[in-house]
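Comments concern the structure below.
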Amino acid sequence: MADKRDYYEVLGVQKGASEDEIKKAFRKKAKMYHPDLHPDDKEAEKNFKEVNEAYEVLSDKDKKARYDQFGHAGVDPSYGSGAGGYGTYTGGFDVDDILSSFFGGFGGRRQANPNAPRRGTDVETVCTISFEEAAKGCKKKISFQRIENCDECDGSGAKKGTTPKTCPNCGGSGQVKMNSRTPFGVVQTTRACENCGGKGRIVDNPCPRCDGKGRIRKTHDESFDIPAGIDDGQRLSVSGRGNAGINHGPAGDLYISINVRPHPIFERRGNDVYCELPLTFVQACLGAEVVVPTLDGKVSYNIKEGTQPGDRFRLKGRGIPSLNGRGKGDQYVTVTIEVPKNLTKRQKELLQEFDGNSSEKNYQNRRGFFNKLKELFGE
């Protein structure tokens, strides 16, 4: 890992840069090194991959936090983070053994049966995918952690060959009743049994694998289908893939938050895709057949004679499919015209000759502008 450059250095931002600053820096660097602009340039290809790797880590707040604390070691695949691939792990959350009710005096609720089945808590993780994968859908292997019943003791918490015994103090109910004298008479309250901690069972010989808890945390690598048309920030729900339930209750759910890397050329707005197409001065003047990049590959398009900077044309059905599978968006292409630099003497002479043979009728916007000036100033 020592030969890897600092990710902040790769993107050209300071440590502590905001999410927007990181995203803008990625777009700039990705355009700079994009393979379409540098065909057969191995160095540009290497830099492009390095920029993508840096953004994948710094755009994920959990990976970024680990990287800030531990450097590359914090996001190396050998540590189980999935850095360098697409699936990522954010450290699934869980809340274990939370009592579902509280005991009290007047009007207090009776404690729930500690041996009743309880649903497991949910788990969250993040999956980072490319712009194209979000548009077309894909299958991703995702690493996440969840709590499961210990396979050594089958969730009982007792050493193999032994069983938990019923708490003699509460008779297995997990709660005890107490009478208190008050000025209003004798009041009966219910509280958790201190002898068994409200569980109703006592484990004399705890399982060495789970230390008597009956549950263990395990890392899982599973492949999931990411539907076409999913957008950045949306979540997928996978039923029953969360933490195991208590007392044979159902498992919680797994929520996969989708992080879509920005594209160096395309921008998404709803289901429509936007991009810019640079033309030469001559192409804009005379018209030309040009190649336009789309999510489905390159397509030919005939540019009209006299095309102006900022003109926009639509490629119908070349956008992103709806998440519900009904229809696709369009692609909108905005024309930019690049003014040539470093002209030769002959090129300058030709342009001067061209300008000398031009008239106001060749420039509609210019003519309209000066006509407005005359109306305003009377000159």
Side-chain angles (χ1 to χ4, degrees), residues 62 66 78-82 87 89-105 108-126 141-179 188-224 237-256:
D62 295 289
R66 294 201 301 273
S78 63
Y79 286 76
S81 67
Y89 161 62
T90 63
F93 64 90
D94 65 273
V95 181
D96 294 335
D97 302 328
I98 297 178
L99 297 177
S100 60
S101 61
F102 302 91
F103 59 90
R109 292 190 298 170
R110 187 177 289 271
Q111 186 183 21
N113 183 359
N115 297 314
R118 282 186 281 165
R119 180 184 180 276
T121 51
D122 298 329
V123 169
E124 286 192 353
T125 190
V126 172
K141 178 178 275 190
I142 300 174
S143 178
F144 63 98
Q145 286 191 341
R146 71 182 180 193
I147 292 176
E148 300 181 351
N149 288 329
C150 175
D151 49 11
E152 182 73 17
C153 65
D154 197 26
S156 71
K159 187 177 180 180
K160 196 170 184 178
T162 67
T163 56
K165 67 180 183 181
T166 302
C167 174
N169 192 45
C170 64
S173 67
Q175 54 192 15
V176 293
K177 296 178 180 178
M178 298 189 66
N179 294 326
Q188 188 177 77
T189 59
T190 303
R191 70 178 186 182
C193 175
E194 295 179 356
N195 192 45
C196 64
K199 295 181 179 179
R201 299 174 301 164
I202 295 176
V203 177
D204 289 327
N205 297 299
C207 169
R209 178 167 172 77
C210 64
D211 197 26
K213 296 175 181 174
R215 291 147 68 83
I216 56 175
R217 185 185 297 275
K218 293 180 67 175
T219 298
H220 281 264
D221 293 309
E222 291 190 44
S223 293
F224 297 98
S237 173
V238 186
S239 179
R241 289 292 199 280
N243 291 324
I246 298 173
N247 299 324
H248 304 291
D253 298 333
L254 170 67
Y255 288 93
I256 305 171

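Under a cut-off of 6.0 angstrom, the local environment of CG in Asp154 is sparse, with at most 12 non-hydrogen atoms contributed by other residues, nucleotides or ligands.
The two residues Thr219 and Ser143 come nearest to each other via the heavy atoms CG2-OG, 3.6 Å. Contact record, Cys196 with Ile202: CB-CG1, 4.1 Å, taken as the closest heavy-atom pair. Pairing each heavy atom of Cys153 with each of Cys210, the nearest pair is SG-SG, 3.8 Å. Contact record, Cys193 with Val176: CB-CG1, 4.1 Å, taken as the closest heavy-atom pair.
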With a cut-off of 3.5 Å and sequence neighbours excluded, list every side-chain donor-acceptor pair involving residues 159-171.
unit_1, atom_1, unit_2, atom_2, d
Thr162, OG1, Lys159, N, 3.3
Thr162, OG1, Lys159, O, 2.6
Lys165, NZ, Asp204, OD2, 3.3

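Side-chain atoms of Asn243 do not come within 3.5 Å of backbone N or O of Gly252 as any donor-acceptor pair.
With sequence neighbours excluded, the residues satisfying side chain to side chain donor-acceptor pair (under 3.5 Å) with Arg241 are Glu222. Evaluation of the salt bridge (charged side-chain N to carboxylate O under 4.0 Å, His left out) rule for Arg119 yields Asp122, Asp253 as partners, not counting sequence neighbours. For Asp151, the side chain to side chain donor-acceptor pair (under 3.5 Å) test picks out Arg209, with sequence neighbours left out. Residues that satisfy the side chain to side chain donor-acceptor pair (under 3.5 Å) test with Glu152, not counting sequence neighbours, are absent from this structure.
Taken from CZ in Arg191 to CD in Gln175, the straight-line distance is 12.5 Å, to the nearest 0.5 Å.
Ring planes of His220 and Phe144: parallel class, angle under 30° (limits at 30 and 60°).
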